Each structure stands twice: as structure tokens, then as C-alpha cells.
**Q** 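I am attaching a structure below and will ask some questions about it afterwards.
In this text the structure is predicted, and so the values were computed from the model without any measurement.
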Amino acid sequence: MIAALFLLLATPQAATVPVPAAQTAADLDARLAKARIIVETSMPAEQRDRMFHQMLDAMMSNMIGGMMQGDPDLAKSLETNTEAAKLLASFVERQKKLALDDLTETGPEMVEAMASAYAKRFSLAELTEVEAFAATPTGARFFQAGTQILNDPAVAEWQRKLFAKAQAREEAELRRLMDELTPLMEKHDAQPSNS
């Protein structure tokens, strides 16, 4: 989920990619088979857990950095309250472990989902070109570097700024939601039940 969110944020144009029409079921099957090869090549099963681990480490680190940047009072409080800082660190580690367990468990489903998405969006000829590139040493490095890109200082700084911006407006947004939601809930609770 985290990876999908990052990819959506990083590539907003992906939603506007033209989708080739499937001429036949056999054509779609061929595209799906080709797409599976591409996903398996770009995320080899034996390296997947390490890739997930790198991605989660980078994203969680950048998210916490952004939270501290977006809420200087929280950062100061955690500097002086070591017990709270340890609790937060423990929470973050637990969330990383849970997310890694989820990603590991659902890895095969992710491969199938990604293959299906590629098969819907690219023609067999395009997928054949991508497969040929992915099979080269440069292609393999390019695709497998995807999770490591999150550790790049420029990307990490962008993520921290993004998380800081979200953190800075979180309280106001939650207050606004509650201000809008409370009257609706009170109105609903005041109405007689239809049961």
C-alpha cells in the first residue's frame, strides 16, 4: 500500500495512460504472461523481502522526519521525553514489521495485480520491448533500483517535505472533519429508528 501510494504520488500521469483494447482473450493472456515475466524480473522473489525492507525503512524514516519537521513542538517534546521517544520508535518498528509481514505474505498477489495492470495498459509489442530491456543488466538494475531510489537524498527530502506539509495541516483538517461530521451524526442519532 505504501509503495502504491508513493507510485501514485510520483507518477500522476499514470492514470491517463491510454489502455489498448484487448482484441482477443488469447491476446490478453499473452500480454498477462509477458507482464508476469517483467514483474518477476524486476522484483525477483529471492530479493523481494530485502527490497520491501529497504522501501519501508526509507519511507518510514522520511515520514517521521517530515512529522518532526511539520510539528516542531512534537520534535522538542520527544527530545526531552526519552520515554515517549522510545515508545514512538517502538511503534514505528512494529509498523514496519507488520507492513513487511503483509508485503511478504501478499507478494504473489502483488505480482499478479501488477502484471494484470501492465497487461491492461500495454500492447504485446510494448511489453515485449519492456521484457527485452528488463532482461539486460541495465534493465535489471533500473527496475531493481526502484526501492533504493527512496533512499536518494533528493527523493528523501521531497518525501520529508510532503509529510511535513501534511503533518502541519492535520490538526486543522481533523477539526474541520469533526465540525462537519458532528451535526450530521447528531441529526442521525435524533431521528427515530426505522426498525
**Q** Please name the pair of heavy atoms, one in A115 and one in A35, separated by the smallest distance, quoted to 0.1 Å.
**A** O-CB, 3.2 Å

**Q** Flag the pair M68 / F163 as yes when at least one side-chain heavy-atom distance between them is below 4.5 Å, and no otherwise.
**A** no

**Q** When rounded to the nearest 0.5 angstrom, what distance separates NZ in K76 from CG in L78?
**A** 13.0 Å

**Q** If you round to the nearest 0.5 Å, how far is CG of L74 from CD of E79?
**A** 10.0 Å

**Q** Does K34 have any side chain to side chain donor-acceptor pair (under 3.5 Å) partners at least two apart in sequence or in another chain, and if so, which?
**A** E131

**Q** Output the distance between atom CE (M114) and atom CE (M110), rounded to the nearest 0.5 Å.
**A** 6.0 Å

**Q** Under a 4.0 Å N-O cut-off, is there an ion pair linking E93 with K97?
**A** no

**Q** Salt bridge or not for R31 and D27, using N-O below 4.0 Å?
**A** yes

**Q** Using 0.5 Å steps for rounding, measure from the CZ atom of R48 to the CZ atom of R50.
**A** 12.5 Å

**Q** Can you check whether V130 reaches F122 side chain to side chain, under 4.5 Å on heavy atoms?
**A** no

**Q** If you round to the nearest 0.5 Å, how far is OG of S42 from CZ of R141?
**A** 15.0 Å

**Q** Using side-chain heavy atoms (C-beta onward) and a distance below 4.5 Å, is E170 in contact with D71?
**A** no

**Q** Keeping the roles fixed (side chain from N81, backbone from S77), state whether a donor-acceptor pair exists under 3.5 Å.
**A** no

**Q** Assigning hydrophobic clusters by single linkage (Ile, Leu, Val, Met, Phe, Trp, Tyr; side-chain heavy-atom cutoff under 4.5 Å), is M43 placed with F133?
**A** yes

**Q** In this structure, are over 12 heavy atoms from other groups packed under 6.0 Å from K161 atom NZ?
**A** no

**Q** List the atom of A45, the atom of E40, and the distance in Å for their closest heavy-atom pair.
**A** N-OE1, 4.2 Å

**Q** Would R160 and E157 pass as an ion pair if we require N to O under 4.0 Å?
**A** yes

**Q** Measure the CG-CG distance between L124 and L32 for me, rounded to the nearest 0.5 Å.
**A** 11.5 Å

**Q** Hey, are the side chains of T104 and D101 touching, using non-hydrogen atoms and a 4.5 Å cut-off?
**A** no

**Q** Does the side chain to side chain contact (heavy atoms under 4.5 Å, CB included) test come out yes or no for E126 and Y118, once each step is laid out?
**A** CA-CA 10 Å; E126 290 169 327; Y118 285 134; over 6 Å; no

**Q** Please report, to 0.1 Å, the donor-acceptor pairs under 3.5 Å made by any side chain of residues 83-92, with sequence neighbours excluded.
**A**
none

**Q** Using side-chain contact (heavy atoms from CB on, under 4.5 Å) as the criterion, list what pairs up with D152, not counting sequence neighbours.
**A** A154, V155

**Q** Would you check if there is a donor-acceptor pair between the side chains of D49 and H53 at a distance under 3.5 Å?
**A** no

**Q** With a 4.5 Å heavy-atom cut-off, do E112 and V39 have their side chains touching?
**A** no

**Q** Let me see the working for L56 and Q95 under side chain to side chain contact (heavy atoms under 4.5 Å, CB included), right down to the final yes or no.
**A** CA-CA 10 Å; L56 288 169; Q95 298 316 302; over 6 Å; no

**Q** Q69 versus K165: any side-chain heavy-atom pair under 4.5 Å?
**A** no

**Q** Tell me, do F143 and T41 make a side-chain contact under 4.5 Å, heavy atoms counted?
**A** no

